[in-house]
Peer 1: 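Could you have a look at this structure, given as structure tokens, before my questions?
Chain naming here is simple, since letters A, B, ... match the order of the sequence lines and numbering starts at 1 in each.
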Protein chains: 2
Amino acid sequence: MTARTDDHMTIRQMCDAFEVTPRTLRFYEAKELISPLREGARRLYTRRDRARLKLILRGKRFGFSLEDIRQTLDLYDRQGTNLPQMEHTFALACERLAIMEAQRAELDEAIAELKTELAAGATLIAEVKRGGTAAA
Amino acid sequence: MTARTDDHMTIRQMCDAFEVTPRTLRFYEAKELISPLREGARRLYTRRDRARLKLILRGKRFGFSLEDIRQTLDLYDRQGTNLPQMEHTFALACERLAIMEAQRAELDEAIAELKTELAAGATLIAEVKRGGTAAA
DNA sequence: CGTTACGCTGACGTTAACGTCAACCGCCCT
DNA sequence: AGGGCGGTTGACGTTAACGTCAGCGTAACG
């Protein structure tokens, strides 16, 4: 029974939970995307690490690079007492939002096109099935 | 005046139109994503090539690999008189549609989260600006 | 008729994002 | 004491998606 002591998870528990390899987690750590605690040499992943990893994997699915993702991760856990820093972060987030909304618009368009194509395909298949190989 | 003879475009015209490099176009050709005509040795890109390139670039923005894209490009220009082939293509398109709709759902979620985060950030910035460094 | 510009074909280099492998450590079990 | 498991650190390999460079052809320009 691989229990989850307190709030921390081992690397293997993380791998099972997120379907990634240990190598991937260590790689992300090397790239400073996550920064788990240490119990001796072992890594211990906290709630924060899990939240970040979730965002990382999501970002990847949207086609962002790890570097892109790294820069936007800070948007989600502000530690800022620093005003100019906060404003910069805010501006960055706005840009990011604009990008994602544009992406959404394009995605909708692509989906619509594909649906059209699908409908045409279905019709065509039905015709072929009914009329054999004969074309009008 | 780089005219566009008939319907064909040179590689440079393509590059200017789509903001890609010649290398990229030749690379896509090597990967059999596009197949321009030849005038001697020179490549001539047709309307079909342009349509495909548009889909390719769009696919990339959604995070698909070129190989993924290559397989789905055939969905858009069917030449099928072959029924089993058509049905296979159809099935593939359905899967693709499901993936894209899932992606849209996730994108919507991500956008919502980011907006929440943005609102919180805006509030925080406003407070800091009003109250100085003092926290409640 | 030289040369400048565009295009073509290899061939090798590069970057991101990991995979793989070796060697090592600490812990638990028998 | 030995063995296995889980974890760690390098170090090198790999794949995708191009970039870059050399060498060649040819069409147009002055």
Peer 1: Is any side-chain N or O of R26(A) closer than 4.0 Å to OP1 or OP2 of dA17(C)?
Peer 2: no

Peer 1: Look at T21(B) and dG19(D) and indicate whether a side-chain polar atom (N or O) is within less than 4.0 Å of OP1 or OP2.
Peer 2: yes

Peer 1: Rounded off to whole Å, could you give me the CD1-to-P distance for the I69(B) and dA16(D) pair?
Peer 2: 14 Å

Peer 1: Check every strand shown and say whether R12(B) touches a base, only sugar-phosphate, or nothing at a heavy-atom separation below 4.0 Å.
Peer 2: sugar-phosphate

Peer 1: May I have the distance from L66(A) (atom CG) to dA17(C) (atom P), rounded to whole angstrom?
Peer 2: 4 Å

Peer 1: Provide, to the nearest angstrom, the distance between the CG atom belonging to L44(A) and the C1' atom belonging to dT8(D).
Peer 2: 13 Å

Peer 1: Given dC18(D), is OP1 or OP2 found less than 4.0 Å from the side-chain N or O atoms of Y28(B)?
Peer 2: yes

Peer 1: Salt-bridged, E113(A) to R96(B), with N to O below 4.0 Å?
Peer 2: no

Peer 1: Salt-bridge test for R70(B) and E32(B): reply yes if a basic N is under 4.0 Å from a carboxylate O, no otherwise.
Peer 2: no

Peer 1: Starting at CZ of F27(A) and ending at P of dT14(D), how long is that distance when rounded to a whole Å?
Peer 2: 17 Å

Peer 1: Would you state whether a donor and an acceptor, one from the side chain of R42(A) and one from the base of dG7(D), lie under 3.5 Å apart?
Peer 2: no

Peer 1: Using whole Å, what does the distance between atom P of nucleotide dA16(C) and atom CD of E32(A) come to?
Peer 2: 15 Å

Peer 1: Can you confirm whether L83(A) sits close enough to K129(B) that some side-chain heavy atom of one is under 4.5 Å from a side-chain heavy atom of the other?
Peer 2: yes

Peer 1: Please confirm whether the shortest side-chain N or O distance from T10(A) to OP1 or OP2 of dG7(D) is below 4.0 Å.
Peer 2: yes

Peer 1: Given dT8(D), dC18(D), dC8(C), identify the nucleotide with an atom nearest to the side chain of K60(B).
Peer 2: dC18(D)

Peer 1: Do the side-chain N or O atoms of R38(B) get closer than 4.0 angstrom to the phosphate oxygens (OP1, OP2) of dT9(C)?
Peer 2: yes

Peer 1: Which value, rounded to the nearest 0.5 Å, describes the distance between F64(A) atom CZ and I99(A) atom CD1?
Peer 2: 6.0 Å

Peer 1: Please state whether the phosphate of dT15(C), meaning OP1 or OP2, lies under 4.0 angstrom from any side-chain nitrogen or oxygen of K31(A).
Peer 2: no

Peer 1: Classify the side chain of R23(A) and the base of dT20(C) as holding, or not holding, a donor-acceptor pair under 3.5 Å.
Peer 2: yes

Peer 1: Given atom CD1 of I11(B) and atom C1' of dC18(D), what is their separation to the nearest angstrom?
Peer 2: 14 Å

Peer 1: Tell me the interatomic distance from L25(B), atom CG, to dG19(D), atom C1', rounded to whole angstroms.
Peer 2: 14 Å

Peer 1: Measuring from D49(A):CG to L37(A):CG, what's the distance to the nearest 0.5 Å?
Peer 2: 7.0 Å

Peer 1: I need the CZ-C1' distance between F18(B) and dC18(D), as an integer number of Å.
Peer 2: 19 Å

Peer 1: Measuring to OP1 and OP2 of dG19(D), would you say a side-chain N or O of T24(B) lies under 4.0 angstrom away?
Peer 2: yes

